[in-house]
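Only one structure is covered here, and it is reproduced in the block below.
Residue numbering restarts at 1 for every chain, and letters A, B, ... go by the order of the sequence lines.
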Protein chains: 2
Amino acid sequence: MNRSNRTSTVVDAEAAGSYAAWFKALADPTRIRLLHLLAAEGRPMSVGEIVERSPVGQSTVSHHLKVLTEVRFVLQEKQGTSTRYQVNRTCLTVFPAAVAAILAEARTELPREDDRGR
Amino acid sequence: MNRSNRTSTVVDAEAAGSYAAWFKALADPTRIRLLHLLAAEGRPMSVGEIVERSPVGQSTVSHHLKVLTEVRFVLQEKQGTSTRYQVNRTCLTVFPAAVAAILAEARTELPREDDRGR
DNA sequence: CACCTGATTCGACGTCCGTCAACATAGACA
DNA sequence: TGTCTATGTTGACGGACGTCGAATCAGGTG
């Protein structure tokens with residue numbers, strides 16, 4: 001395996017950009033806590049409820065939730081005046097796989113992120 | 001399980017900061033490519049060799065290698081006038097574990113990052 | 001209809017980041 | 001010793017980011 005001397009480009013420039021975007025979404029303590037909160041609760045939560053448990057303001061929470069939503073780490077579901085956010089369980093598979101790809105761990109095939117939604 | 005209403009704080013403010021620092025180190029396409037290059041080659045590489053395969057300047061590569069070294073994703077080994085960089089294989093274990101912790105995947109115990117060095 | 005409440009967006013501020021060119025450092029070798 | 005080569009560091013510049021308060025928008029409710 002890996003028979004050529006060319007760097008087996010599993011991670012080319014384009015993929016590097018995508019991966020970087022994912023990591024960038026987690027490159028902030030507040031977002032990590034938000035994501036962990038949602039994951040730990042394991043249920044859709046409203047913004048207000050999340051704000052109550054966060055040390056930052058409501059607009060900040062809203063902003064971070066938007067960032068996490070854009071990279072599909074969390075999914076949103078509007079219900080009238082309220083908006084429920086929940087963690088996207090697909091990340092459990094796709095994210096460690098991305099790390100494995102970067103670290104050239106060939107044993108794991110990178111699954112497609114095909115949870116159609118948005 | 002999860003009998004209390006307190007968020008089971010596996011990821012508290014301090015841990016969130018640490019994790020964010022790790023992710024921040026990967027939140028850049030260039031660093032991801034550098035890390036992947038080192039991982040794919042699977043051997044210590046000199047800065048010049050890395051620069052040859054990178055689209056950015058030498059000082060930039062040096063800077064990014066420093067960042068990756070500070071969070072221990074890569075290890076450095078000085079040899080006279082040259083410096084060899086190689087990927088830290090411990091990341092293969094500790095990094096997915098961190099992701100699992102954030103995503104509240106309780107099944108994996110977070111291993112200590114005790115590859116004494118630095 | 002007027003009002004209240006929950007959520008997003010806007011504008012601003014200070015800070016940090018990625019990149020480069022230029023300079024500084026430090027082994028190797030004649 | 002002096003020079004060469006490989007690497008690290010500095011300073012600067014442009015752009016992006018995190019946070020906040022204020023303004024705005026959109027559903028319910030009376």
Side-chain angles (χ1 to χ4, degrees), chain A residues 13-14 16-38 43-71 73-86 118, chain B residues 13-14 16-38 41 43-86 118:
Chain A
E14 185 183 338
S18 305
Y19 294 163
W22 294 1
F23 290 125
K24 197 176 300 183
L26 297 184
D28 179 84
T30 301
R31 281 198 292 271
I32 288 197
R33 294 178 73 179
L34 290 183
L35 183 60
H36 176 65
L37 173 62
L38 288 172
R43 62 183 171 89
M45 298 177 72
S46 71
V47 177
E49 197 177 2
I50 298 173
V51 170
E52 275 182 3
R53 308 221 203 166
S54 299
V56 294
Q58 187 211 31
S59 61
T60 303
V61 168
S62 184
H63 165 63
H64 285 310
L65 286 175
K66 184 180 179 183
V67 173
L68 288 174
T69 303
E70 282 169 352
V71 293
F73 269 124
V74 305
L75 306 174
Q76 72 179 182
E77 168 195 8
K78 307 215 174 192
Q79 280 191 5
T81 176
S82 179
T83 308
R84 307 294 181 76
Y85 287 87
Q86 59 182 312
R118 163 155 248 156
Chain B
E14 184 183 338
S18 305
Y19 294 161
W22 294 1
F23 291 125
K24 197 175 303 182
L26 297 184
D28 179 84
T30 301
R31 281 197 291 271
I32 288 197
R33 294 178 72 178
L34 291 182
L35 184 60
H36 177 64
L37 173 62
L38 289 173
E41 290 293 324
R43 63 183 170 89
M45 298 178 71
S46 72
V47 177
E49 198 177 0
I50 299 173
V51 171
E52 276 183 1
R53 308 221 203 166
S54 299
V56 293
Q58 182 252 341
S59 61
T60 303
V61 169
S62 183
H63 165 62
H64 285 310
L65 286 175
K66 184 181 181 182
V67 173
L68 288 173
T69 303
E70 282 170 351
V71 292
R72 313 285 300 282
F73 270 125
V74 305
L75 305 175
Q76 71 179 183
E77 170 195 7
K78 307 214 173 191
Q79 280 190 7
T81 176
S82 180
T83 309
R84 308 292 181 76
Y85 287 87
Q86 60 181 311
R118 163 156 250 156

>> Using a distance-only criterion (donor-acceptor N/O pair, under 3.5 Å, no hydrogens), is the base of D:dG8 paired with the side chain of B:Gln58?
In response: yes
>> Check this one for me: any side-chain N or O of B:His64 less than 4.0 Å away from OP1 or OP2 of C:dT19?
In response: yes
> Can you check whether A:Tyr85 has a side-chain N or O nearer than 4.0 Å to OP1 or OP2 of C:dT8?
Replying inline: yes
> Roughly, in whole Å, what's the span from CZ in B:Phe23 to P in D:dC17?
Replying inline: 18 Å
> Reckon A:Thr83 touches a base, only the sugar-phosphate, or nothing at all at heavy-atom distances under 4.0 Å?
Replying inline: sugar-phosphate
>> At less than 3.5 Å, do the side-chain atoms of B:Ser59 and the base atoms of C:dA21 form a donor-acceptor pair?
In response: yes
> Given C:dT19, is OP1 or OP2 found less than 4.0 Å from the side-chain N or O atoms of B:Thr30?
Replying inline: yes
> OP1 or OP2 of C:dC16 sitting under 4.0 Å from any side-chain N/O of B:Lys24?
Replying inline: no
> side chain to side chain contact (heavy atoms under 4.5 Å, CB included) with A:Pro44: which of A:Glu49, A:Gln76, A:Gln79, A:Gln86?
Replying inline: A:Gln86
> Once you round it to whole Å, what is the distance between P of D:dG11 and NE2 of B:His63?
Replying inline: 15 Å
>> For a quick check of understanding: with a heavy-atom distance under 4.0 Å over all strands, which category does A:Ser82 fall into, base, sugar-phosphate or nothing?
In response: sugar-phosphate
> OP1 or OP2 of C:dG18 sitting under 4.0 Å from any side-chain N/O of B:Arg31?
Replying inline: yes
> In terms of side-chain heavy atoms of B:Val56, which of C:dC20, D:dT5, C:dG6 is nearest?
Replying inline: C:dC20
> At their closest point, which heavy atom of B:Leu65 faces which heavy atom of B:Val74, and how far apart are they?
Replying inline: O-CG2, 4.1 Å
>> Mind checking if A:Thr60 touches a base, just sugar-phosphate, or nothing, with heavy atoms under 4.0 Å?
In response: base
> Closer than 4.0 Å, any side-chain N/O of B:Ser62 to the OP1 or OP2 of D:dG8?
Replying inline: yes
